[in-house]
Amino acid sequence: MNLTILSRGQTGYFITILCLCTVIFMPHTNAYLTNIGVKTTKTNTSPNIRIGPFSKGIGASQINYSQNTHTAANKKHNKHQHLTSLRGGSDSSNLPDSYSGYKILQNVSQNTEGSQDSLLEKFKTLNPSSQSKLSSQITSLDSSYPGGLLSYVSKSRSLLSQSLSGANPFLEYTPSVPSGLNLQYSSSQFTSLESSSLKCTSLSALILVAGGLGERLGYSGVKISLSPYSLALNYDGTQKTYLELYVDYVRALRQRTGNVMKFVIMTSGDTDERTRELVEGVDDVEIEIVMQEKVPAIENVEGRLALEGDEILTKPHGHGDVHTLLLSSNLLSKWSSSVKKLIFVQDTNALVSNALLPAVGSNLLSSSEMTSICIPRLPSEAAGAITQLTHKTTPSKSLVINVEYNQLSALLDPLGGDVSSPDSQYSPYPGNANNLIFDYEKYVETISGPSQGVVNEFVNPKLNPDKTFKKPTRLECMMQDFPYLIREKGGGSEGVGHDFVNLERWLTFSPAKNDLEAGRKTA
């Protein structure tokens, strides 16, 4: 075998020829192709980004440069352009105005006193691939939130301003104990309500909100894959999960009545895939799954969207999204002739099944659009309370709604505080267990209106002493705040439209809220 040794000059010549061949025969090298007039398209493949309906035909970066003439000046310019695209510089050749997401962000910034100006500048410094991904994400976030990002940022700015000023949302209201039903398990009324609702199980839909992970419980999986207690076993000896208990409830009702209850699970981007894996083995109960989107994180009082790397940081929006999802998924229209009652339950309350039938029976007898399942509440307990709020000057603004425990004391202090009833250890205000019953027709009428099911949002920023944010925050919403929408419709005049059924704690309340250590401290 003959071995030829190249000289230093020959080696350089050989490498030059090799590089030229590499450029010619590697057409996927986009940074080079954009400089010779070829249109290139990069599609966002991130699994965490879903393109919404407004982004059809968008979501790819299209860069089309005209054919360059071969003057010395142009060659120098092309070399600079090529190097800039490789290092992600802010050269105008990146054309940020050509991205739909950039234009959306521009519109938001122009209408919110320049709140996104720094993010727009950041966009310009990104390379084309990162610009394309960020543009697609912005477009997706804009289409998935009712009213778009402009509405989201505008609400954030307003609510942050109110929060930082210490505004009291209940200043114009007088609290009182609302009307409702206190129900004892051993009573004939309990049995009667349970029997009446058994007849309409086929006309009911069970909606399980399961968008959260078990991190607060010291568990990294989805909460409905946890086992509520060690004595609940499957036939093979394995422990039953929360999901299996809910599925068993639907099966038991079918066996008892011959009727089939609809079953829906709301997931999130954090829980969707693992939840679908859990339900794969369930072949005798039809389960519908709807997934909620996350919303952008906000990093200052001006409403600037927070970045994580080269993408917008997103966070969960809260279980209040379940209302908009039921509407947008067309499930409600699908059920128009087959459902009379909607039952919303939390993901980790194994005993709630004991309360569902009597609560549905109570709602059947009442004229209320919404019935909250409640428990006796201890004074100062870290649990919300269902409260009648009567507006001091405008009766039509009155409503019955859950007031969170961190707001309840200030509301009740003028009336003597959050104290027990004279004849009981419990507060006269029923505790919110966050399981809800709705009349289907009235519910659909409400969320089909201007609100489109978007319940009132709130913001809870964690602040440093100088009022800067310790970490980005976001808008949140809760499904139990639906009475605000009833009031807007006019169906809750002076509080009518929402009542409660109060059941014993041992019968219906066993939510998993804390890890073992926190549970020991509060036991």
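A donor and an acceptor atom, one from each side chain of Glu504 and Thr508, are nowhere located under 3.5 Å apart. In summary, the side chains of His498 and Ser368 do not present any donor paired with an acceptor at a separation below 3.5 Å, with no hydrogens or angles considered. For the residue pair Ser398 and Thr390, no side-chain donor N or O sits within less than 3.5 Å of a side-chain acceptor on the partner. Under 3.5 Å, the side chains of Asp499 and Thr371 contain a donor-acceptor pair of N or O atoms. Between the side chains of Glu369 and Thr446, at least one donor N or O sits under 3.5 Å from an acceptor N or O.
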What do the steps show when you test Glu311 against Lys133 for salt bridge (charged side-chain N to carboxylate O under 4.0 Å, His left out), and what is the final call? CA-CA 8 Å; Glu311 295 185 359; Lys133 289 181 180 179; 5.6 Å; no

Does Val322 form a side-chain contact (heavy atoms from CB on, under 4.5 Å) with Gln292? I'd like the steps, not just the answer. CA-CA 8 Å; Val322 67; Gln292 68 176 145; over 6 Å; no

Ser204 vs Lys341, test: side-chain hydrogen bond (donor to acceptor under 3.5 Å, both in side chains). Steps then yes/no. CA-CA 5 Å; Ser204 301; Lys341 298 298 174 184; over 6 Å; no

Thr267 and Thr275: side-chain hydrogen bond (donor to acceptor under 3.5 Å, both in side chains), yes or no, with the steps? CA-CA 7 Å; Thr267 65; Thr275 299; 5.8 Å; no

Please walk me through it: do Tyr443 and His323 pass side-chain hydrogen bond (donor to acceptor under 3.5 Å, both in side chains)? CA-CA 9 Å; Tyr443 176 87; His323 302 302; 2.7 Å; yes

Would His317 and Lys294 count as a side-chain contact (heavy atoms from CB on, under 4.5 Å) if you check the C-alpha gap in whole Å, the side-chain angles of each, and the deciding distance to 0.1 Å? CA-CA 6 Å; His317 191 217; Lys294 292 183 179 181; over 6 Å; no

Walk me through whether Ser100 and Thr139 qualify under side-chain hydrogen bond (donor to acceptor under 3.5 Å, both in side chains). CA-CA 7 Å; Ser100 61; Thr139 304; 3.1 Å; yes

Verdict with supporting geometry, Leu475 and Ser156, side-chain contact (heavy atoms from CB on, under 4.5 Å): CA-CA 7 Å; Leu475 295 188; Ser156 299; 3.5 Å; yes

Is there a side-chain contact (heavy atoms from CB on, under 4.5 Å) between Tyr426 and Arg505? Walk through the geometry before answering. CA-CA 11 Å; Tyr426 294 110; Arg505 293 172 73 104; 3.9 Å; yes

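Checked against salt bridge (charged side-chain N to carboxylate O under 4.0 Å, His left out), Arg274 has no partners two or more places apart in sequence or in another chain.
Closest heavy-atom contact between Pro296 and Arg474: O-CB, 3.7 Å. Here the closest heavy-atom approach between residue Ile265 and residue Leu243 is recorded as CD1-CD1, 3.8 Å. Scanning all heavy atoms of the two residues, the minimum distance from Ser421 to Ser427 falls at OG-C, 3.8 Å. Among all heavy-atom pairs drawn from Ser196 and Leu364, the shortest one is O-CD1, 4.2 Å. Closest of all the heavy-atom pairs between Ser380 and Asp418 is N-OD2, 2.8 Å. Minimum heavy-atom separation, Ile375 to Phe509: CD1-CD2, 3.4 Å.
The side-chain heavy atoms of Leu463 and Leu164, taken from C-beta on, include a pair separated by under 4.5 Å. Residues Asp248 and Arg251 form a side-chain contact, since some pair of their non-hydrogen atoms from C-beta on lies under 4.5 Å apart. A 4.5 Å side-chain heavy-atom check between Ser225 and Tyr242 finds every atom pair outside the cut-off. With a 4.5 Å cut-off on side-chain heavy atoms, His319 and Met266 count as touching. Between Ile287 and Val247, some side-chain heavy-atom pair lies under the 4.5 Å cut-off. Inter-residue side-chain proximity for Ile401 and Arg487 is flagged as unmet; no heavy-atom pair is nearer than 4.5 Å. Taking 4.5 Å as the limit, some side-chain heavy atom of Tyr249 sits within range of a side-chain heavy atom of Leu356. Looking at Asn432 and Phe500, their side chains never come closer than 4.5 Å, going by heavy atoms from C-beta outward.
Counting only distance, with no hydrogens or angles, the side chain of Tyr440 and the backbone of Leu332 share a donor-acceptor pair below 3.5 Å. Lys315 places a side-chain N or O within 3.5 Å of a backbone atom of Pro472 that can act as its donor or acceptor partner. Remark: the backbone N or O of Glu445 is not paired with any side-chain donor or acceptor of Ser448 at under 3.5 angstrom. The closest donor-acceptor contact from the side chain of Ser197 to the backbone of Leu193 lies under 3.5 Å. Judged by distance alone, with hydrogens and angles left aside, the side-chain atoms of Gln407 form no donor-acceptor pair with the main-chain N or O of Pro169 at under 3.5 Å. Proximity of a side-chain donor or acceptor of His391 to a complementary backbone N or O of Tyr173 within less than 3.5 Å is not detected. In this structure, the side chain of Asn182 does not engage the main chain of Asn502 through any donor-acceptor pair within 3.5 Å. Distance alone, capped at 3.5 Å, places no donor-acceptor pair between the Lys262 side chain and the Glu288 backbone. With hydrogens and angles disregarded, no donor-acceptor distance shorter than 3.5 Å links the side chain of Ser329 to the backbone of Val290. Proximity of a side-chain donor or acceptor of Asn402 to a complementary backbone N or O of Gln480 within less than 3.5 Å is not detected.
Taking CG from Asp321 and OG1 from Thr324, the interatomic distance works out to 4.5 Å, rounded to the nearest 0.5 Å. Rounded to the nearest 0.5 angstrom, Glu273 CD and Leu278 CG are separated by 11.0 Å. If you take CD1 on Ile373 and CG on Asn434, they are separated by 10.0 Å, rounding to the nearest 0.5 Å. Taking CG from Asn259 and CG from Leu198, the interatomic distance works out to 9.0 Å, rounded to the nearest 0.5 Å. Expressed to the nearest 0.5 Å, how far CG of Asn363 lies from NZ of Lys442 amounts to 8.0 Å. Atom SG of Cys374 and atom CG of Leu503 lie 9.0 Å apart (nearest 0.5 Å).
A 6.0 Å sphere centred on NZ of Lys392 holds more than 12 heavy atoms belonging to other residues, nucleotides or ligands. Environment of OH in Tyr405: sparse, with no more than 12 heavy atoms of neighbouring residues, nucleotides or ligands closer than 6.0 Å. The local environment of NZ in Lys340 is sparse, with at most 12 non-hydrogen atoms from other residues, nucleotides or ligands closer than 6.0 Å. Within 6.0 Å of OH in Tyr185 there are 12 or fewer heavy atoms belonging to other residues, nucleotides or ligands.
Aromatic rings of Phe344 and Phe438 (six-membered ring for Trp) have centroids within the 6.0 Å cut-off, being under it.
Between Lys397 and Glu488 there is no salt bridge, since no side-chain N of the basic residue sits under 4.0 Å from a carboxylate O of the acidic one.
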